[in-house]
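Below you'll find the structure, written out as structure tokens, and then a few comments.
Positions are given from 1, in the same order as the sequence printed here. A quick note: this is a predicted structure, and the numbers were derived from the prediction, not measured.
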Amino acid sequence: MFSRLVFGLGLLSATALVHPALAADARTLQIIVSKDKQSLAVYDGTEIVATSKVSTGKDGHTTPSGIFSVLEKQKYHESNLYSNAPMPFMQRLTWSGIALHESNSVPRYPASHGCVRMPGAFAKMLYGMTDRGVPVIISDGELAPQPIEHPTLFHPDAPAMQLLSDVELRPSMPDSPEKPVQVAMNDTAAMPMPAAPPIAAPEPEPPSEPISMLVTRRTLRETVIDIQTLLNQLGFSAGNPDGLLGPSTVQAIKAFRTLRPMEFAADRSLVSDTLLREVYAAAGRGEPPNGVIMVRQAFKPLFEAPVTIADPGLALGTHFFTLHAVDAKAGAADWLGITLTNNLSRETMKQLGITDQESSIITGKPIARSLSRITIPDETRRKIDALIAPGSTLTISDTGLGRETGEGTDFITITRG
């Protein structure tokens, strides 16, 4: 455990300082900004290690709430949107212009054009504590990460125990039934024997980078990728599985539908649930999934895979998890979780097929309820278990990738614009 020197940790203080040694463990930190309290707290696990007052966006320039991460850091930056206004110790959260930065005006009420302003000394200190990729949660109210254990969460595979050494064992049979079987024993008192060195299990290699993950409902993009992939496997030339309905994909879909006139007699849509089910059946893949897990590392997509979401008419809610520590030998992982308020519009609920968002995400234990509804295939789970490292994150959301997620970002989820 790092030694810490913290002054004035109460949220009422303007600025709290933290021991700079924490910068060495920046990948396990997370930052939580409360717009209601106009405050910022830096967490190391469940412990607050630094706090500050802030000023977020004023009316007409509201700071978006949601899940972000530090995308870029510059000790001195000038605004591209507002007359080259200085933004020292800038830590970018979106490529559209939201950032944490130093300001001479931090009145502890909304005053910025959308960014999160911080006092100079604290902004400089926070800049030294963080790395790119550190999660930043901006919410209307105060949030605090809590330990969460659930079988759906990922953990490293514990190395197999080596129970036997390479000593050769030879059976012995008596010369006659009357003779007792002689069993050779080591009498350590009579004849000291050199102790054999213990056989240690190989040390697991530490993962190089944390990963970020998103579990969400499938959209048209994921459906088209599946259709393209499976049609190619069935011998149709659907083109590169990119989620786009290009000429090759359209032609392949039409050719597939032509061979099954009865199944598509009442279906006039080019891409539909019927098409997806028929393609899955033709490929021998069973029922198509209704969810997807996407994985990124160092802001670049690694892979994505289907998952199944039970009771799809219920909202999953928006939940964020960070992996604080890993014990590879024991196969254990310490996850922390928070739930963010994310009220979906009627239009969004209709588009996603959600009929009830309140009973599933407000009553009971929303994190456990959402995790229990997600089924991840064993092959995908093993692949992810081998990749997780301290600082890895998981977002669960109904609303997909979102407009801010793109090249050079982790998964950004906007809960309130």
Ignoring hydrogens and geometry, is there a side-chain-to-backbone donor-acceptor pair from [X] to [Y] under 3.5 Å?
| X | Y | result |
| --- | --- | --- |
| W335 | F154 | yes |
| S65 | S139 | no |
| R381 | T152 | yes |
| Q38 | K35 | yes |
| D385 | P156 | no |
| D327 | A332 | no |
| Q228 | D242 | yes |
| S392 | I388 | no |

Side chains of [X] and [Y]: is there a donor and an acceptor less than 3.5 Å apart?
| X | Y | answer |
| --- | --- | --- |
| S105 | S103 | no |
| T395 | H319 | no |
| T130 | Q91 | yes |
| T219 | E222 | yes |
| S96 | E404 | yes |
| T415 | N342 | no |

Is the NZ or CZ atom of [X] positioned over [Y]'s six-membered ring, under 6.0 angstrom from the centre and within 45° of the axis?
| X | Y | answer |
| --- | --- | --- |
| R296 | F411 | yes |
| K75 | Y127 | no |
| R260 | F256 | yes |

**Q.** With T322 via side-chain hydrogen bond (donor to acceptor under 3.5 Å, both in side chains) - residues at least two apart
**A.**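 Checked T322 against side-chain hydrogen bond (donor to acceptor under 3.5 Å, both in side chains); matches are Q30.
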Q: Answer yes or no: is there an ion pair linking R285 with D226, defined by an N-O contact shorter than 4.0 Å?
A: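 Not counted as a salt bridge, because no side-chain N and carboxylate O are separated by less than 4.0 Å.
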Q: Check step by step if salt bridge (Lys or Arg N to Asp or Glu O under 4.0 Å) holds for D140 and R416.
A: CA-CA 9 Å; D140 294 338; R416 182 178 175 186; 2.9 Å; yes
